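First comes the structure, then the notes that go with it.
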Amino acid sequence: MATVRHAHTIWEGDLLKGKGVVHLDSSGIGSYEVSWPARSEEPNGRTSPEELIAAAHSSCFSMALSHGLAGAGTPPTRLETKADVTFQPGEGITGIHLTVRGEVPGLDHDGFVAAAEEAKKNCPVSQALTGTTITLSVEQA
């Protein structure tokens, strides 16, 4: 069964001086301020589309990797995934770098790297971002 998630943003003013609020409607977990300076300079307590993409990508990748590892008979004890989304004003998102550190009993480093590459390729957020270069670093605890 398909699921649909909802969020909405209310924006006031022009791009450079305006500001907005992103509302995470489906979960109801919060509303977060966004602004151009938070996107192109320092966050100063506000979020950006790129930070939200980083959150989505790191969580989706972790789920896909956990599922793949468990399906191969080597479920992880712990995975920590960081997503760095690079935004260049005037160009857009120029790349995403995933870094995963995992505790996977019974799996050697090469096997962990292969599983991580597969998760990077197949997680739904990676697939939605196919126009962006996605790179990966893998560490095993």
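Quick caveat, the model's predicted, so the values are computed rather than measured.
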Does any non-hydrogen side-chain atom of Pro89 lie less than 4.5 Å from one of Arg39? no
Return the CG to NZ distance between Leu15 and Lys17, rounded to the nearest 0.5 Å. 12.0 Å
Apply the test side-chain hydrogen bond (donor to acceptor under 3.5 Å, both in side chains) to residues His6 and Ser26: give CA-CA distance (whole Å), side-chain angles for both, the deciding distance (0.1 Å), then the verdict. CA-CA 5 Å; His6 308 276; Ser26 296; 4.7 Å; no
Note, Leu79 side chain near Phe61 side chain (heavy atom, < 4.5 Å): no
According to the interplanar angle, ranging from 0 to 90°, do the rings of Phe87 and Trp36 count as parallel (below 30°), tilted (30 to 60°) or perpendicular (above 60°)? perpendicular
Tell me the closest heavy-atom pair linking Gln140 and Phe112, and the distance in Å. OE1-CB, 3.8 Å
Connected via hydrophobic side-chain network under 4.5 Å: Met63 and Leu69: no
I'd like to check Glu51 versus Ser48 (side-chain heavy atoms, cut-off strictly below 4.5 Å). Are they in contact? yes
Heavy-atom pair of closest approach, residues Ile134 and Lys120: O-NZ, 3.1 Å
Contact summary for Arg46 and Ala38, nearest pair of heavy atoms: CB-CB, 3.6 Å
If you count heavy atoms of other groups shown closer than 6.0 angstrom to CD of Glu80, is the number above 12? no
Residue that, paired with Ser58, satisfies side chain to side chain contact (heavy atoms under 4.5 Å, CB included) out of Val125, Thr81, Ile96: Thr81
Thr94 to Gln88 - nearest heavy-atom pair and separation: CG2-CB, 3.8 Å
Look up atom SG in Cys60 and atom CG in Leu129, then write down how far apart they are to the nearest 0.5 Å. 9.5 Å
To the nearest 0.5 Å, how far apart are CG in Leu136 and CD in Glu117? 5.0 Å
Taking all atoms of both residues into account, what is the closest heavy-atom pair of Ala116 and Val100, and its distance? CB-CG1, 4.3 Å
With the side chain counted from C-beta on, respond yes when His57 and Val85 share a heavy-atom pair under 4.5 Å apart, and no when they do not. no
How many angstroms lie between NE2 in His97 and OG1 in Thr135, if you round to the nearest 0.5 Å? 4.5 Å
Hey, is NE2 on His67 packed in by over 12 heavy atoms from elsewhere, all under 6.0 Å? no
Hey, could you give me the OG/CG distance between Ser137 and Leu98, rounded to the nearest 0.5 Å? 9.0 Å
For the CD atom of Glu139 and the CZ atom of Arg101, what is their distance to the nearest 0.5 Å? 5.5 Å
Quick check: are there more than 12 heavy atoms from other residues, nucleotides or ligands sitting under 6.0 Å from CD of Gln127? yes
Check for me, please, whether Ile10 and Val34 land in the same ILVMFWY cluster - side-chain distances under 4.5 Å, paths through other members count. no
